[in-house]
Amino acid sequence: MPRLASAGSPPRALYPYSGSAFRRRRESSAPGKLNQRRVPLAHIQKADVESRVAVASVQTKGKEKKQRPKGYWHPQKQSSSATGRSSNLAKAAPAPLCVSCVVQLPQNLCFNRRMHTPRLCIDGRAAAEFETQGLVAQELIDQLVAAQGHPHAGSEWVEKRRTVLLSHPSQVFSGQLKRFDTKRRIGSSFFYSAWEKHFVESSSITAFHRFRPADRMEPFLECPTITTVLPAYRSLGATLPTAPESHRFVVPSQRDATLLNEECRIPEEQIRVIRPSARRYVHFADESPTSYEGQILFLTDGGGELDLRKLQHVVSGQYPQLPLRTFKFSEAREFSAKQWMKTLQFTSLCFYLTERAFDWPFLALESLYFNVPVIFMDKHSALSELLPLSPLRLSQYLTDFTTSSQLREAVENARTHLSDQGVLQQHHQALNYTQLYAEIPGAPTFAEV
């Protein structure tokens, strides 16, 4: 039998908050406590959904009908004919709006066409990060700034102030080019590749010129890119992805171009050879006569291609009265313009001991400019092409004893040969890179109004 309510107590249906619920309600209405009615969570969620639907319907009223879930079919709009179903479905899918369909704007004012000024970004961070080889970037930037107004070496990108430098805050460059300073160093990790891609996309760069070691040339960007290849840290064994057609790679010799084509699978038409040159400061320095009684200097990269101690023993036997001094290419402070010129003033003979591929031997060329004899290794790509069959090669120097007068004659012949090739010109690098920059799609010209 059903349980009957006790006498004097009202039915439970008339008082839903009876029992423990009634006591909780009395406690909540006591003085000092908030008088709130507890609403079930399901009611709150339902009210929230209804309010959102109401707001969405007001916002889309008069524009498009409210979209329903996939597979939903309103019972009042069902039609027995297939034509009716297809018409209802077509009405339910709103057509995308186009700004040009609503208002006919001029072509140069359309919202979907982003207009921006073409800009070239030169990554100058290599000058501070890649030891002596990074000075190639520093020298190129200085020559581009100094060549303004030159009929052939002046670049339109610099003349029209459309060049941006990506640099570290502590770096100093000549001129007043626009800069983007960052503390991020050049790397080869996935995170750095993502950062570089994001930088190029977000900064609206038309073209990007960077200086990279041969084993760190990734990532390949979507914009036209010029990569000046530097000596690799390790080896060229890694397989690179296919480089886009808009990319160009600059190397110092034809032998390096062949190596880049065979090892990295880069097409020949995307590789450019730009001969190395002496830095611009040599044209403003005093050519003091070289003292052939000074020190003997050895420049080495620390590689194992040559026994340095055995070579120094042979040279000390030929010149027992001259002191020997050794510099490594990692000692970048010793090769600044002022310090290097001071060192050459007290140097009678210099040995340039490296066979690294993609080496830019501007230190050796500057020594020859100041009439200091430079003995280089036979397999050095750039110097062997600039001075073929020269008596300044190491193999010929060791086999034939060379006197001071023979060294002077060899240096004079080498300077004449280098001058005929234009390597000792003041704006040699700027002249070659200006021609390369002019091939970039959208490059500015002096004829622009």
Exercise for review: Give the C-alpha distance, both sets of side-chain angles, the deciding distance and a yes or no for side chain to side chain contact (heavy atoms under 4.5 Å, CB included) between T228 and R212.
Suggested key: CA-CA 6 Å; T228 300; R212 297 290 185 271; over 6 Å; no
Exercise for review: Any chance you could lay out the salt bridge (Lys or Arg N to Asp or Glu O under 4.0 Å) test for K328 and E334, step after step, and finish with the verdict?
Suggested key: CA-CA 9 Å; K328 291 186 178 181; E334 298 292 339; over 6 Å; no
**Study point:** side chain to side chain contact (heavy atoms under 4.5 Å, CB included) between F211 and E129, intermediate numbers included
**Key:** CA-CA 11 Å; F211 302 80; E129 298 184 18; over 6 Å; no
Practice item. Assess whether side chain to side chain contact (heavy atoms under 4.5 Å, CB included) is satisfied between I271 and N261, documenting all intermediate values. Key: CA-CA 8 Å; I271 304 176; N261 174 254; 4.2 Å; yes
Point to revise | Stepwise side chain to side chain contact (heavy atoms under 4.5 Å, CB included) check, L299 with L297 | key: CA-CA 7 Å; L299 304 180; L297 189 61; 4.0 Å; yes
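F298 and F351 have parallel rings, their planes meeting at less than 30° on a 0 to 90° scale where 60° marks the start of perpendicular. The aromatic rings of Y433 and Y437 lie tilted to each other, with the angle between the two planes from 30° to 60°.
Although no hydrogens or angles enter the test, the distance criterion places no donor-acceptor pair under 3.5 Å between the side chain of W157 and the main chain of P118. Within the 3.5 Å criterion, the main-chain N or O of V282 finds no donor-acceptor partner in the side chain of E366. Under the 3.5 Å distance criterion, the side-chain polar atoms of Q171 are matched with a main-chain donor or acceptor of H168. In terms of modelled atom types and a separation under 3.5 Å, the side chain of T354 and the main chain of T300 share no donor-acceptor contact. Distance alone, capped at 3.5 Å, is enough to place a donor-acceptor pair between the H428 side chain and the G422 backbone. Using modelled atom types, one side-chain atom of T399 and one backbone atom of Q396 make a donor-acceptor pair closer than 3.5 Å. Checked by atom type and distance alone, the side chain of H380 never pairs as donor or acceptor with a backbone atom of A357 at under 3.5 Å. Using a distance-only test at 3.5 Å, with no hydrogens or angles considered, a donor-acceptor pair links the side chain of Q148 to the main chain of V145. Of the possible donor and acceptor atoms, none in the side chain of T347 sits under 3.5 Å from a partner among the backbone N and O of L349. H247 contributes no side-chain N or O that, together with a main-chain N or O of E222, makes up a donor-acceptor pair within less than 3.5 Å.
Considering every non-hydrogen atom in both P244 and Q270, the closest pair reads O-NE2, 2.9 Å. Across all non-hydrogen atoms, the minimal contact from V411 to N371 is CG1-CA, 3.7 Å. Of all non-hydrogen atoms in P169 and R179, the two that sit nearest each other are O-NH2, 4.1 Å. Closest non-hydrogen pair, A127 versus A137, comes out as N-CB, 4.3 Å. The shortest heavy-atom contact between P373 and L407 is CG-CB, 4.0 Å. Taking all atoms of both residues into account, the shortest heavy-atom contact from W360 to Q133 is N-OE1, 3.3 Å.
Annotation for E245: atom CD does not count as buried by contact number, only 12 or fewer foreign heavy atoms lying within 6.0 Å. Heavy atoms from other residues, nucleotides or ligands lying under 6.0 Å from NE2 of H313 number 12 at most.
No side-chain heavy atom of S348 sits under 4.5 Å from any side-chain heavy atom of Y319. With a 4.5 Å cut-off on side-chain heavy atoms, F199 and T182 do not count as touching. When side chains are defined from C-beta on, F220 does not count as touching T242, because their heavy atoms never get closer than 4.5 Å. Counting heavy atoms from C-beta on, the side chains of Q425 and S277 never come closer than 4.5 Å. Contact of the V158 side chain with the L177 side chain is registered, since non-hydrogen atoms from C-beta on lie closer than 4.5 Å. For the pair I141/L165, a side-chain contact is recorded, criterion being any heavy-atom separation below 4.5 Å from C-beta on. Side-chain contact check for I440 versus I226: some heavy-atom pair is nearer than 4.5 Å. F130 is listed as a side-chain neighbour of P213, based on a closest heavy-atom distance under 4.5 Å.
Between E139 and R280, no side-chain nitrogen of the basic residue sits less than 4.0 Å from a carboxylate oxygen of the acidic one, so the salt-bridge criterion is not met.
Cation-pi check for R272 over F249 is not met; the charged atom does not lie both under 6.0 angstrom from the ring centroid and within 45 degrees of its normal. The cationic atom of R415 (NZ for Lys, CZ for Arg) lies less than 6.0 Å from the six-membered ring centre of Y369 and within 45° of the ring axis.
The CZ atom of R279 lies 11.0 Å from the CG atom of L365; values are rounded to the nearest 0.5 Å. We find the CZ-CD distance between F191 and E196 to be 15.5 Å, quoted to the nearest 0.5 Å. The OG atom of S367 lies 4.5 Å from the CH2 atom of W340; values are rounded to the nearest 0.5 Å. Residue L368 holds its CG atom at 8.0 Å from CG of L383, rounded to the nearest 0.5 Å. M217 CE to T227 OG1: the interatomic distance, rounded to the nearest 0.5 Å, is 7.5 Å. To the nearest 0.5 Å, atoms NZ (K342) and CD (Q345) are separated by 8.5 Å.
Under the 3.5 Å distance criterion, with hydrogens and angles disregarded, a donor-acceptor pair is assigned to the side chains of S253 and D256. Counted by atom type alone, Q435 and E439 present zero donor-acceptor pairs between their side chains at under 3.5 Å. Remark: the D378 side chain and the S395 side chain contain an N/O donor-acceptor pair separated by less than 3.5 Å. Between the side chains of R119 and T206, not a single donor N or O lies within less than 3.5 Å of an accepting N or O. Between the side chains of R309 and Q312, no donor-acceptor pair is found at a separation under 3.5 Å. Checking Q318 against Y397 by side-chain atom types alone, a donor-acceptor pair falls below 3.5 Å.
Taking the six-membered ring where the residue is Trp, the centroids of Y352 and F329 are separated by under 6.0 Å.
L398 pairs in a side-chain contact (heavy atoms from CB on, under 4.5 Å) with only one of the listed residues (V315, I375, L311), which is L311.
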